[in-house]
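Structure, as structure tokens:
Note on naming: letters A, B, ... go to the chains in the order of the sequence lines (proteins, then strands), and numbering restarts at 1 for each one. Computed from heavy atoms alone, side chains included, the values below leave out hydrogens, waters and symmetry copies. It should be emphasised that the depicted structure is a prediction, and the values quoted were computed from it without experimental measurement.
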Amino acid sequence: MIDLNLRAEIEDFYARYCAVLDEGPLEAWPDLFTEQCSYRVVPRENYRAGKPLATLAFESRGMLKDRIYCVKQTLFHQPYSQRHLLSGMRFEVTQDDRYRVEANYLVIRTKVDEMADVLSVGRYYDELVRDGTTLRLAVKHCVFDNELIPNSLIYPI
Amino acid sequence: MIDLNLRAEIEDFYARYCAVLDEGPLEAWPDLFTEQCSYRVVPRENYRAGKPLATLAFESRGMLKDRIYCVKQTLFHQPYSQRHLLSGMRFEVTQDDRYRVEANYLVIRTKVDEMADVLSVGRYYDELVRDGTTLRLAVKHCVFDNELIPNSLIYPI
Amino acid sequence: MIDLNLRAEIEDFYARYCAVLDEGPLEAWPDLFTEQCSYRVVPRENYRAGKPLATLAFESRGMLKDRIYCVKQTLFHQPYSQRHLLSGMRFEVTQDDRYRVEANYLVIRTKVDEMADVLSVGRYYDELVRDGTTLRLAVKHCVFDNELIPNSLIYPI
Amino acid sequence: MMQTAVQHGLDWPVNAISRVPYALYSDPEIFRRELQRLFYGKHWSYVGLEAEVPRNGDFKTTKIGERAVILTRDLQGGINVIENHCAHRGVQFCQERLGNRKGFVCPYHQWAYDLKGNLKGLPFRKGVNGHGGMPEDFKLENHGLTKLKVAVRNGVVFASFDHSVESFEEYLGPTILKYFDRVFDGRELSVLGYSRQRIPGNWKLMQENIKDPYHPGLLHTWFVTFGLWRADQESQMVMDGHGRHACMISRRNAGGKGAVTDGVQSFKEQMTLHDARLLDIVPEAFWNGPTVVMTTIFPSIIIQQQVNSLSTRQILPCGPNSFDFVWTHFGFADDTAEMTQRRLRQANLFGPAGYVSADDGEVVELAQDGMRQHPEYQTISELGGRDIGNTDHMVTETLIRGMYGYYRKVMEL
Amino acid sequence: MMQTAVQHGLDWPVNAISRVPYALYSDPEIFRRELQRLFYGKHWSYVGLEAEVPRNGDFKTTKIGERAVILTRDLQGGINVIENHCAHRGVQFCQERLGNRKGFVCPYHQWAYDLKGNLKGLPFRKGVNGHGGMPEDFKLENHGLTKLKVAVRNGVVFASFDHSVESFEEYLGPTILKYFDRVFDGRELSVLGYSRQRIPGNWKLMQENIKDPYHPGLLHTWFVTFGLWRADQESQMVMDGHGRHACMISRRNAGGKGAVTDGVQSFKEQMTLHDARLLDIVPEAFWNGPTVVMTTIFPSIIIQQQVNSLSTRQILPCGPNSFDFVWTHFGFADDTAEMTQRRLRQANLFGPAGYVSADDGEVVELAQDGMRQHPEYQTISELGGRDIGNTDHMVTETLIRGMYGYYRKVMEL
Amino acid sequence: MMQTAVQHGLDWPVNAISRVPYALYSDPEIFRRELQRLFYGKHWSYVGLEAEVPRNGDFKTTKIGERAVILTRDLQGGINVIENHCAHRGVQFCQERLGNRKGFVCPYHQWAYDLKGNLKGLPFRKGVNGHGGMPEDFKLENHGLTKLKVAVRNGVVFASFDHSVESFEEYLGPTILKYFDRVFDGRELSVLGYSRQRIPGNWKLMQENIKDPYHPGLLHTWFVTFGLWRADQESQMVMDGHGRHACMISRRNAGGKGAVTDGVQSFKEQMTLHDARLLDIVPEAFWNGPTVVMTTIFPSIIIQQQVNSLSTRQILPCGPNSFDFVWTHFGFADDTAEMTQRRLRQANLFGPAGYVSADDGEVVELAQDGMRQHPEYQTISELGGRDIGNTDHMVTETLIRGMYGYYRKVMEL
Ligand code: FES
Ligand code: FES
Ligand code: FES
Ligand SMILES: [Fe+3]
Ligand SMILES: [Fe+3]
Ligand SMILES: [Fe+3]
């Protein structure tokens with residue numbers, strides 16, 4: 001079992017991750033990743049079948065910044081709020097200062113004047129690395145079960 | 001990072017809080033607050049716009065007791081069960097024995113012979129204080145995203 | 001308050017439990033229980049009224065194995081994925097190496113080409129025992145609020 | 001009405017009872033007519049068991065068709081069924097599933113009814129300080145709740161919105177009544193609990209499912225393997241004179257491999273249980289031969305006796321495309337603790353997660369999916385011929401044809 | 001249309017206004033006619049308060065019936081109401097609830113409108129490099145947004161899709177106008193915030209609820225106990241000449257036990273508050289007698305003055321079976337901090353969680369449930385007789401009868 | 001039918017093809033007619049790629065209109081399309097999206113079909129021990145699954161419920177066929193994966209979206225800024241002889257500031273990428289000039305070639321108010337690893353989260369919202385005139401007019 005302090009540190013990291021996505025500012029999101037990172041949002045059917053297509057597939061912090069710029073400046077969309085819930089987090093130390101983390105996630109979406117619904121539900125397959133005093137995501141693969149997306153996916157998961 | 005025992009103590013407090021609301025007895029709910037407390041359930045639009053109106057706004061444990069009495073004795077409503085899920089808890093020690101806590105919450109409602117649905121989803125902005133051997137809520141502000149409430153909100157969140 | 005390491009060990013156990021049900025293999029599920037165990041999935045109305053009927057009621061690891069065989073080999077059903085979220089876990093040491101655990105649970109179901117919905121929501125009333133180096137469930141009673149099941153319940157909860 | 005039906009492609013050869021247009025399972029106008037003629041017309045619908053309301057003042061809420069009703073035991077011990085909406089301005093005033101009351105008071109304006117549904121009083125009827133109140137000619141007796149005709153037989157309660165309905169015994173007819181009395185022989189019943197599921201399919205698909213001896217040996221591997229049900233076992237398929245009600249009667253045999261399992265894809269020869277208690281079956285005197293009798297009483301209820309497991313399965317349509325299916329498992333007050341445990345263990349086979357019935361809900365949903373997509377298409381239920389008649393074997397769909405023969409008469413379709 | 005209605009069992013004796021067929025609350029064809037004649041016809045519907053759009057360029061999105069509209073204050077300070085769908089190809093172009101803009105640009109092809117709804121320009125209208133563009137005879141002025149007729153009175157904004165509607169003052173009539181002006185007397189308003197709920201019931205049930213002085217003293221124990229509302233207090237029920245609008249006017253009395261609480265099941269004598277601040281009521285000059293005036297302006301809005309709590313309650317139907325209910329709580333710009341806090345504390349009594357209004361949403365839902373199950377049934381609203389007329393007491397359902405008298409005329413049902 | 005349409009306010013000037021009544025996007029009767037005449041009539045609908053079922057026994061489930069169908073490669077290697085509901089009693093027997101089988105067995109009663117849809121056998125057909133079974137005259141060959149007419153061209157599979165439909169090549173016509181063959185030139189395809197979204201709008205709005213060269217340069221800032229699409233670039237808009245199919249053909253230019261960006265609110269001059277790999281575009285031989293060709297094949301499919309990103313986009317209506325949109329991204333079997341990675345990177349631009357297509361789903365939803373609220377209103381698509389014709393520029397809505405010209409003929413509206 002991993003060290004309790006490390007465990008708490010990782011839990012805190014994910015609490016911050018969710019707060020950034022749900023409370024903002026989205027501009028803080030790329031900094032939670034390493035410079036060379038892999039962020040993917042993938043329908044389970046592609047993941048299972050070994051098909052390479054992702055709903056979103058980014059390969060660097062720069063691409064994450066470009067996405068946020070796009071979402072904020074150029075991609076028209078209806079306003080909505082999202083709320084993340086994580087559960088069943090599993091921790092594994094793969095090398096010094098490198099940790100594999102998995103967790104179930106649920107994202108509830110609320111659009112103006114509509115009932116809340118499930119925007120995305122699935123599992124995180126992540127890798128965290130220690131970068132000085134802080135942790136960063138080197139890998140975050142969000143594999144979602146609800147392959148039929150309720151219209152569109154704008155903000156990061 | 002806060003002390004691990006304190007962290008566990010706070011998590012236990014919230015587990016108790018949810019159990020009281022979901023399992024009962026509701027009469028035990030006011031005791032989880034300080035005598036002079038602030039309990040507010042607020043639609044996000046008012047919260048963001050700085051508008052003072054709340055769906056529920058209580059200023060003392062007495063008001064909480066009055067609410068429970070009302071719910072149990074005078075406020076007609078259809079029976080339903082509620083189930084709380086919290087995630088992404090963040091802890092901060094603001095002074096000795098005073099802690100700021102935030103968390104995402106989701107409340108699933110089930111009415112008799114209906115499918116379960118989302119009653120409320122949003123974020124807690126709380127302050128806990130140590131009162132002798134136990135913790136109590138001095139502040140609990142539940143800011144909900146799903147501003148269009150599915151008919152009515154009877155039990156506390 | 002229970003020992004922090006024990007607490008983490010129990011949380012890890014539940015993370016594994018959920019991973020087995022959501023990620024598979026289901027064949028690993030019975031091993032999470034003791035040989036003589038009680039696994040019950042019970043509508044809240046029967047639980048509250050003291051009526052003995054359960055949706056599923058098993059009395060041994062053997063019965064759990066028979067269920068998995070049935071689900072995999074003989075029980076026709078439409079494919080779906082499930083995703084567990086737990087919250088508000090409460091721990092109690094009842095005797096040496098025997099622990100009572102309660103938690104709220106939510107299971108989100110996704111069927112092919114349909115929106116995700118709530119398959120089951122309720123509370124676990126469990127008892128864990130230490131079996132050598134590992135923990136096992138001696139008792140797991142899943143009492144669900146949404147008594148009107150969305151057609152059928154195939155996989156374990 | 002038929003306009004819509006035709007719009008939806010209903011094109012049904014006269015007298016064809018072995019072919020049913022898919023439109024019948026999703027057309028809203030046809031469904032509306034079904035409610036009026038089948039559920040609210042001259043038929044008896046199941047509402048519950050006396051054992052659910054044992055004491056004076058006890059009540060149980062349920063539905064007939066889409067109408068909420070309340071089964072009550074009044075203060076004189078009588079059984080009543082009344083409609084659950086207020087005569088004043090329509091409030092469905094009672095929410096609890098089960099309870100005990102001296103009477104009902106509507107929350108909105110506190111009109112008060114007794115357990116028989118009579119309006120006993122209303123606030124300010126005579127006005128306040130000489131102001132207002134109800135008109136002189138307003139009579140409490142004209143404004144009670146809808147009262148249904150009630151039939152109680154051996155502890156089982158049925159009701160009808162149409163007071164001119166024939167007696168329950170005539171309704172069942174002698175054959176079905178005999179099998180009804182086989183399970184409900186007057187012994188006191190004890191309720192073990194409830195299971196509920198919402199099945200996204202037309203309600204008739206569930207009636208067909210229990211009038212269909214063709215599927216259990218094929219869909220339910222479990223049955224085959226353990227010989228609880230297979231095509232080569234002794235059985236009779238019987239109906240009432242109208243073909244609307246039926247019993248599937250059978251006696252389990254050895255199970256295992258045999259002629260009827262050859263090429264049956266679902267058969268698993270080597271299947272055994274890790275814990276045999278699930279199938280700890282002990283014959284009961286009342287069986288009197290058959291190990292299973294499945295009774296369908298049109299339109300609302302199925303009575304299950306499957307070895308030691310007993311239940312009523314109530315059908316509550318919610319629109320044409322889904323229905324709620326409510327299982328009430330029961331035993332007898334004089335059951336031993338062992339027998340009760342046995343019934344509860346065998347209950348694992350049934351209900352929304354049941355080893356041999358979760359899959360029924362699944363195929364009903366898939367039949368609805370298949371039928372909605374092509375309303376102009378037709379089923380073909382011609383196993384055992386195209387006519388209607390009782391049989392002493394189960395290689396037939398005669399009971400389904402029987403139901404549609406009656407259905408066409410009453411529905412005038 | 002009536003075909004459907006009749007299909008659904010609408011069978012309504014001519015001139016019966018005290019009996020309303022349940023079908024009226026769920027029939028889709030009737031609902032469609034209600035939208036056309038009541039919400040889009042010669043009536044004024046509430047859209048908001050001037051205080052919500054104080055500065056030039058401010059806008060607020062809302063609905064009338066099922067149509068999305070925008071309340072704007074144009075750059076000249078004028079108030080406009082325009083329909084929220086693009087004249088090009090229908091996009092509902094504005095999503096924010098509140099904002100400030102120089103004009104609107106549709107996201108799809110950037111057609112640009114000013115705050116009055118005039119089409120100001122569109123990309124490539126004259127073509128690109130001599131290619132394409134709009135036809136010669138295309139005139140911007142023919143392709144603006146739908147503009148509604150607007151009425152502003154003392155800071156409250158109403159609009160109508162039918163420009164031939166009578167003036168707002170004529171529409172209210174002198175009696176209702178007097179009570180409208182009692183709250184909206186020209187003082188500057190300040191918005192305290194919003195509450196929103198989706199109530200699964202027909203929109204008319206909410207109009208009835210606030211035209212129904214019979215229920216508060218019975219459903220709302222709170223009211224009775226603290227004397228905020230009881231059947232024996234001074235009150236008047238008044239209507240406009242058409243019976244479509246109404247005010248329920250009353251003055252609280254001592255509360256506690258009394259003739260009208262005898263046998264009222266919901267009365268709780270010994271009830272007291274742990275924290276009395278919830279009922280820290282201070283009379284205001286403008287009350288001028290009554291402690292409560294509830295005004296229903298047909299079809300879209302309720303104006304609440306309950307002691308120190310003030311709100312508008314907007315009705316936005318979503319199909320026949322549900323509506324959104326939007327509460328705008330407000331005070332006056334010159335309120336003291338104490339009075340503002342008082343209004344906010346008393347706001348606990350109202351809205352989706354309110355001590356005396358969460359239950360209104362609940363009974364409305366249950367009335368819809370009860371009515372949907374039996375469309376052929378009828379309500380009976382005969383308290384205080386079967387005719388229509390103002391009263392100086394509250395033991396009457398005359399206001400409901402008044403509304404249906406007018407409803408039948410306009411709906412030709 | 002038209003009754004309902006008229007009820008819903010359908011009032012459509014004869015020959016008006018540049019104005020479309022909003023009712024057309026939500027009326028259930030019109031939608032039903034669309035299913036019959038467009039999706040189930042004399043048209044070819046997309047079902048998939050041969051590359052999805054490479055081996056004998058492979059199958060893929062999908063839909064045409066609202067009917068579930070299965071694309072199979074039979075044991076002889078032939079391509080078949082059969083309807084996914086059992087001929088016995090309607091069960092939609094196949095659930096997996098992709099798989100490999102020797103044949104299909106319905107779970108309910110194990111009727112067995114081969115991959116061509118022929119009924120091969122059914123349990124107990126000859127009865128058991130001389131009892132029951134199917135009638136003498138029952139012929140397997142009369143009870144197979146619905147078989148659709150199939151067309152395969154260069155690895156793409158289309159099907160029709162109407163076997164009298166013209167050939168696929170005639171259906172496309174020479175112009176569209178040329179562009180079809182430009183992408184599908186016979187090279188082996190490789191499937192990169194799927195994206196799926198449920199868009200709450202009428203299916204026709206997506207056809208319009210890809211027949212609309214007016215919006216990309218305005219809605220999709222990304223396109224403009226990087227010169228992937230702007231109103232001043234070389235382009236042709238071409239249709240088949242009926243105006244039902246179309247190609248939008250264009251060649252990217254320098255991008256950046258220019259006449260067509262003046263006053264275009266969505267244009268962002270200073271926009272640059274932190275990581276340019278997203279736009280690492282490498283021309284391919286088959287482009288043969290254009291950098292983008294968007295092909296709409298009425299009614300079911302869009303073929304996308306956007307620089308290096310290739311996909312089919314299938315339209316599956318779910319009632320009048322929403323549709324499922326299924327993206328199949330593909331490349332060629334002989335692609336280099338670099339080219340595959342390039343296609344995958346550029347795929348970020350498309351699909352439910354795409355930089356230049358998530359917003360299409362959003363505006364389609366908002367168009368549906370705007371149109372539902374006002375069925376009597378009409379669109380105006382008059383950019384480039386009111387007639388139909390191919391153009392060598394993109395400042396036109398001619399392709400949309402072309403589609404509605406054909407639509408009115410077939411729908412007789
Ligand atoms: S509605 Fe029941 S008392 Fe008025
Ligand atoms: S739809 Fe609004 S600009 Fe085209
Ligand atoms: S429904 Fe398919 S075999 Fe009977
Ligand atoms: Fe079965
Ligand atoms: Fe009220
Ligand atoms: Fe686009």
**Asked** Does CZ in R386(F) sit with more than 12 non-hydrogen atoms of other residues, nucleotides or ligands closer than 6.0 Å?
**Response** yes
**Prompt:** Do other residues, nucleotides or ligands put more than 12 heavy atoms under 6.0 Å from R196(E) CZ?
**Reply:** yes
Scanning both residues in full, the closest heavy-atom pair of V395(F) with G127(E) reads CG1-CA, 4.1 Å
Checklist entry - Side chain of Q373(F), backbone of E66(E): donor and acceptor closer than 3.5 Å? => result no
Whatever's closer than 4.5 Å to a heavy atom in chain F on C86(E) counts as backbone
Practice task
Check whether any side-chain heavy atom of H85(E) sits under 4.5 Å from a side-chain heavy atom of L366(F), and report yes or no.
Solution key: no
### Query
Should E382(F) and D137(E) be marked as a side-chain contact (heavy atoms from CB on, under 4.5 Å) after you check the CA-CA gap, both sets of side-chain angles, and the distance that decides it?
CA-CA 11 Å; E382(F) 304 193 343; D137(E) 62 358; 5.5 Å; no
Looking only at V363(F), D369(F), I380(F), the option with the highest number of non-hydrogen pairs under 4.5 Å against chain E is I380(F)
* For N209(F) and Y108(E), does a side-chain donor sit closer than 3.5 Å to a side-chain acceptor? -> yes
Heavy-atom closest pair (P135(E) atom, G385(F) atom, distance to 0.1 Å) is CG-CA, 4.2 Å
Applying a strict 4.5 Å limit to non-hydrogen atoms, the region of E136(E) in contact with chain F is neither
Exercise. Using the ring of each side chain (for Trp, its six-membered ring), is H109(E) parallel, tilted or perpendicular to Y214(F), with breaks at 30° and 60°?
Worked result: parallel
Nearest heavy-atom contact between H131(E) and D392(F) is CE1-OD1, 4.2 Å
Chain E shares the most heavy-atom pairs under 4.5 Å, among E365(F), H374(F), M371(F), with H374(F)
(message) One thing to verify: whether E376(F) and R67(E) come together as a salt bridge, which I'm taking to mean a side-chain N less than 4.0 angstrom from a carboxylate O.
(response) yes
Turns out that what part of H215(F) lies under 4.5 Å from chain E's heavy atoms comes down to both
If one checks every heavy atom of Y377(F) against chain E at 4.5 Å, the contacting part turns out to be side chain
Report task. State whether the number of non-hydrogen atoms from other residues, nucleotides or ligands found under 6.0 Å of N142(E) atom CG is greater than 12. Result -> yes
key: Any donor-acceptor N/O pair, Q110(E) side chain to L218(F) backbone, under 3.5 Å   = yes
Ranked by heavy-atom pairs below 4.5 Å to chain E, first place among V20(F), T379(F), D212(F), T391(F) goes to D212(F)
| In terms of side-chain heavy atoms, does H88(E) have a donor or acceptor partner in E397(F) at a distance below 3.5 Å? | yes
CD of Q368(F) to CD of Q92(E), rounded to nearest 0.5 Å, is 11.0 Å
When the 4.5 angstrom heavy-atom criterion is applied to L35(E) and chain F, the contacting part is neither
To the nearest 0.5 Å, atom OH of Y22(F) lies from atom CZ of R89(E) at 10.5 Å
